[in-house]
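All remarks here apply to the structure that follows.
Computation of the quantities below employed the complete heavy-atom set of this structure, encompassing side-chain atoms and omitting hydrogens, waters and symmetry-equivalent molecules.
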Amino acid sequence: MTQDHLVGLLLGAEEDWPRAFEEILRRVGPITVDGPDGPETHTVSSERLTIEPFRLDDPVRTELVIDRLAHWYYHPREWLKKAALVNGTYLLNSPFTFQAMEKHSAYCALVRLGLKVPPTTLVPYKNPVDNVRWAYTSERYNREFDLDRVAEDLGYPLYMKPFDGGAWRGVTRINDRGDLHRAYDESGEMLMHLQATVDYEHFARALSIGPETMVMDFRPDQPMHQRYAVNHGFLSESAGRQTVATSRIVNAFFRWEFNSCEMLVVGDDVYPIDYANACPDVAVTSLHYYFPWAITALARWSTYCVVTGRRADVDLQTQRYFAVADDASLSYDDKMDRYLALADEHFETERYWEWSDRHLAHLPEAVLEWVTGDDFDRLLRDTVAATYPAHEQEEFLAHFRGLVGLWASEQTGLAQNR
């Protein structure tokens, strides 16, 4: 018996990683597994989804959807909700917790779990919101507050940033009272957090896809093509474990499966500052060295989900996490271990790796062959040509070829030593 599975891509302006994903998925090939009635052969393919009117009882062809659009485009977001509820479609990132992707809910969740979120205060809008009831409500119920006192309680320097975040929009470092009032005046109708800063040693950015996590040395002050430094072992063993755990825990808590998490690290202490991203960066021009891993993980997790028939669960089961948080007998490290165990249970981590070793063992070699071939180089050249001005393209092409080539040479060495 043969079963064909279809993965849907709900895309915006991206072209590089979708081309890479489609090519790697083609290299997965037929997969034979033991079924209840004997061997079963499974194939997995993908298609790019279009946006059109839909009836609420329409069938859905795609078993799984990788969504990169619905965080800002409401029509496909509502289609995703319909597909999940009516048709049982598996989604990478639940549209039912998108409000938590506004950062504020995710902050609150990790505060509730006892993680080391820097002290954070939400302040009211600077300017009235566009609502006819604003004047009456404001006059009767809005209490005056001392913005300077709020900032002083947090301590300078601090950061002002929108509660809903997104691509560093509106993020301002506040060094003194002048910066504070200038940034608040400019915030307009954006709802803002004030957050204490941390004098960090490392800025870690973790990208998690299902049970897989890559923690990268992130340099936020650098241009995009240099932000992800290739720096193995830049964290202590304890900090490295915590960064992986934090990224995976927040994903399992909110039922996200394709998300990035930013953390400030001082020694063995890890401070999560941004861990809700409906559209995490996977561009080859920023991830470069880490790009092949990211697309492989995305193809591997998508394949695992559709072939094994993994079902989506919109029940967050938060009380399981809160029971750990409220157990006074557990240390911080003990709680992190318990949270991670819950996350690994949700992602079926042990089963996933055993299944992948059995059915997708060929995939790393197939990806390496593709990345070192002409097809990937064409993708890289096309992406650079679409991203940078003509006089800079050769420089950037050499830059990205060198970094991806470093990844390929390391993978070749690992393969030879197996």
Please name the pair of heavy atoms, one in [X] and one in [Y], separated by the smallest distance, quoted to 0.1 Å.
| X | Y | value |
| --- | --- | --- |
| Leu207 | Ala294 | CD2-CB, 4.1 Å |
| Phe21 | Ser46 | CE2-CB, 4.1 Å |
| Tyr289 | Leu403 | CD1-O, 3.5 Å |

Apply side chain to side chain donor-acceptor pair (under 3.5 Å) to [X] and list each qualifying residue two or more places apart in sequence or on a separate chain.
| X | value |
| --- | --- |
| Glu52 | Thr50 |
| Thr349 | Asp344 |
| Lys81 | Glu78 |
| Ser247 | Ser208 |

Any Lys/Arg nitrogen of [X] or [Y] sitting under 4.0 Å from an Asp/Glu carboxylate oxygen of the other?
| X | Y | answer |
| --- | --- | --- |
| Glu354 | Arg351 | no |
| Arg401 | Glu394 | no |
| Asp326 | Arg112 | yes |
| Arg241 | Asp333 | yes |
| Asp337 | Lys335 | no |

Treating [X] as the side-chain partner and [Y] as the backbone partner, does any N or O pair qualify as donor plus acceptor under 3.5 Å?
| X | Y | value |
| --- | --- | --- |
| Asp58 | Arg55 | yes |
| Asp217 | Asn231 | no |
| Thr62 | Val65 | no |
| Asp67 | Ala70 | yes |

List in chain and number order the residues that pass ring pair (Phe, Tyr, Trp, His ring centres under 6.0 Å) with [X], two or more places apart in sequence or in another chain; answer none if no residue qualifies.
| X | result |
| --- | --- |
| His346 | none |
| His225 | Phe396, His399 |
| Trp17 | none |
| Tyr200 | Phe203 |

Any donor-acceptor pair under 3.5 Å linking the side-chain atoms of [Y] with those of [X]?
| X | Y | value |
| --- | --- | --- |
| Asn259 | Asn277 | no |
| Ser356 | Arg300 | no |
| Arg311 | Tyr90 | no |
| Glu395 | Tyr388 | no |
| His42 | Glu40 | yes |

Do [X] and [Y] come within less than 4.5 Å of each other through their side chains, counting heavy atoms only?
| X | Y | value |
| --- | --- | --- |
| Glu257 | Phe347 | yes |
| Trp355 | Leu360 | yes |
| Phe254 | Ser94 | no |
| Phe258 | Asn251 | no |
| Thr41 | Ile31 | no |
| Val60 | Val86 | no |
| Val371 | Trp407 | yes |
| Val324 | Phe322 | no |

What donor-acceptor contacts under 3.5 angstrom involve side-chain atoms of residues 265-272, with partners at least two apart or in another chain?
unit_1	atom_1	unit_2	atom_2	d
Asp268	OD1	Ser236	OG	2.5
Asp269	OD1	Lys116	NZ	2.7

Just list the side-chain donor-acceptor pairs under 3.5 Å for residues 378-386, sequence neighbours left out, or say none.
unit_1	atom_1	unit_2	atom_2	d
Arg378	NH2	Asp375	OD1	3.4
Arg381	NE	Asp377	OD2	3.2
Asp382	OD2	Arg19	NH1	3.0
Asp382	OD2	Arg19	NH2	3.4
Thr383	OG1	Leu379	O	2.8

* Set of residues satisfying salt bridge (Lys or Arg N to Asp or Glu O under 4.0 Å) with respect to Asp185, sequence neighbours excluded -> Lys126
* Under the salt bridge (Lys or Arg N to Asp or Glu O under 4.0 Å) rule, collect the residues that match up with Glu47, sequence neighbours excluded. => Arg61
* Asked: Around atom CD of Glu237, are there more than 12 heavy atoms of other residues, nucleotides or ligands at under 6.0 Å?
  -> no
* Asked: Crowded around Asp57 CG? As in, over 12 foreign heavy atoms under 6.0 Å?
  -> yes
* Per the side chain to side chain donor-acceptor pair (under 3.5 Å) rule, which among His104, Gln195, Lys161 passes with Thr120? -> Gln195
* Asked: Quick one: is the NZ or CZ of Arg205 closer than 6.0 Å to the six-membered ring centre of Tyr228, and within 45° of its axis?
  -> no
* Kindly state whether the ring of Tyr275 and the ring of Tyr107 have centres lying under 6.0 angstrom apart. => yes
* To do: Examine His193 together with Tyr159 and report whether their ring centres are nearer than 6.0 Å.
  => no
